[in-house]
Amino acid sequence: QVQLKESGPGLVQPSETLSLTCTVSGFSLTSYSVSWVRQPSGKGPEWMGRMWYDGDTAYNSALKSRLSISRDTSKNQVFLKMNSLQTDDTGTYYCTRARDYFDYWGQGVMVTVSS
Amino acid sequence: IQLTQSPSLLSASVGDRVTLSCKGSQNINNYLAWYQQKLGEAPKLLIYNTNSLQTGIPSRFSGSGSGTDYTLTISSLQPEDVATYFCYQYNNGWTFGGGTKLELK
């Protein structure tokens, strides 16, 4: 069955870089795209960026200067790196299988930006 | 495209017919989905392409709309439907609405 699982540090220092990994199973990264979505506590989700099935990427314009998404198809993994983190980057980060809509989601990883 | 959901909080009784609204700042061309999010869980896809029911979702959930105005309807509210509901458009970029929190009266 389709599964996605996020992993990474729960606490990041301000101005530091966040690195997250999404490990997928039950589908191929060369057939489906994967998006990263984040959600501050008590607020609506925000699309961050997308790794297309063909290896191309797309980013939210508000995050583009700080965000990088890559993948390793041999390991079924998609990676997120975002630099210059601030306190308002605190929230839950999800990876999702992406058609145009997101049909499967990981459980999410809570990231707190704090010193 | 910005999405505005209303109301932000809705109280209803078990068995009620419930309607949630989502309005886009531009034409969405029916590229609209609805998600249900229960406390502490990831969002769950209910409806895609305005009115297509995701596999495994109860038939009491339905979607409708066109242009800039879309609706999620729950025909008979059940206790397990207590959640926050988000609309999401994928016509031009990918954006979510702010959510409607549905609670039992």
Side-chain angles (χ1 to χ4, degrees), chain A residues 1-8 10 20 22-24 26-27 32-53 56-64 67 69 80 91-111, chain B residues 1-9 20-25 28-57 61 63 70 72 83-103:
Chain A
Q1 70 276 30
V2 173
Q3 291 186 322
L4 303 95
K5 186 170 184 179
E6 307 87 350
S7 59
L20 298 176
C22 174
T23 303
V24 310
F27 69 96
Y32 289 89
S33 303
V34 169
S35 275
W36 287 94
V37 175
R38 68 177 181 176
Q39 186 174 26
S41 181
K43 297 186 178 181
E46 176 186 35
W47 173 76
M48 300 181 69
R50 182 177 185 128
M51 170 60 71
W52 290 90
Y53 57 89
D56 200 1
T57 53
Y59 299 107
N60 184 321
S61 58
L63 302 173
K64 189 173 184 177
L67 184 61
I69 296 175
L80 176 148
T92 301
Y93 287 69
Y94 298 98
C95 60
T96 73
R97 192 177 79 164
R99 298 169 177 255
D100 289 311
Y101 47 88
F102 311 128
D103 58 355
Y104 290 91
W105 296 61
Q107 63 190 17
V109 58
M110 178 66 195
V111 174
Chain B
I1 297 178
Q2 295 184 352
L3 298 178
T4 302
Q5 291 188 242
S6 60
S8 55
L9 176 63
L20 285 64
S21 175
C22 177
K23 185 176 181 65
S25 59
I28 295 171
N29 288 311
N30 293 113
Y31 293 115
L32 188 106
W34 290 93
Y35 291 88
Q36 175 193 68
Q37 187 175 31
K38 297 182 178 180
L39 199 62
E41 297 182 4
K44 179 181 181 180
L45 178 65
L46 301 176
I47 302 280
Y48 60 95
N49 294 346
T50 297
N51 55 17
S52 296
L53 194 66
Q54 174 68 347
T55 302
I57 301 302
F61 291 93
Y70 296 82
L72 174 70
T84 300
Y85 292 82
F86 296 99
C87 59
Y88 159 75
Q89 71 81 24
Y90 41 100
N91 178 59
N92 183 352
W94 300 277
T95 50
F96 290 86
T100 292
K101 185 176 182 179
L102 178 58
E103 62 178 27

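First the proteins, then the strands, lettered A, B, ... as listed; each starts at 1. Just so it is clear, the model here is predicted, and its values are computed rather than measured.
- Within 6.0 Å of the CD atom in Q2(B), the count of heavy atoms belonging to other residues, nucleotides or ligands does not exceed 12.
- Contacts between Y31(B) and chain A at a heavy-atom distance below 4.5 Å are absent for every atom of the residue.
- Across G106(A) and A42(B), no two heavy atoms sit closer than the pair O-CB, 3.4 Å.
- To the nearest 0.5 angstrom, W94(B) atom CH2 is 11.0 Å from T96(A) atom OG1.
- Taking OH from Y104(A) and CD from Q54(B), the interatomic distance works out to 6.5 Å, rounded to the nearest 0.5 Å.
- Your options are Q107(A), M110(A), R50(A), and the one with the most heavy-atom pairs under 4.5 Å with chain B is R50(A).
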Does the pair Q37(B) and W105(A) meet the rule for a side chain to side chain contact (heavy atoms under 4.5 Å, CB included), with working shown? CA-CA 11 Å; Q37(B) 187 175 31; W105(A) 296 61; over 6 Å; no
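- Only the side chain of A58(A) comes within contact range of chain B, judged by heavy atoms closer than 4.5 Å.
- Here the side chain of Y101(A) pairs no donor or acceptor atom with the backbone of Y88(B) at under 3.5 angstrom.
- Comparing L45(B), T95(B), T84(B) by how many heavy-atom pairs each has under 4.5 Å with chain A, the most go to L45(B).
- Taking 4.5 Å as the limit, some side-chain heavy atom of Y94(A) sits within range of a side-chain heavy atom of P43(B).
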Mind running side chain to side chain contact (heavy atoms under 4.5 Å, CB included) on Y48(B) and D103(A) for me, showing each step along the way? CA-CA 9 Å; Y48(B) 60 95; D103(A) 58 355; over 6 Å; no
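- With a 4.5 Å cut-off on non-hydrogen atoms, Q39(A) touches chain B through its side chain but not through its backbone.
- Other residues, nucleotides and ligands place more than 12 heavy atoms under 6.0 Å from the CZ atom of F27(A).
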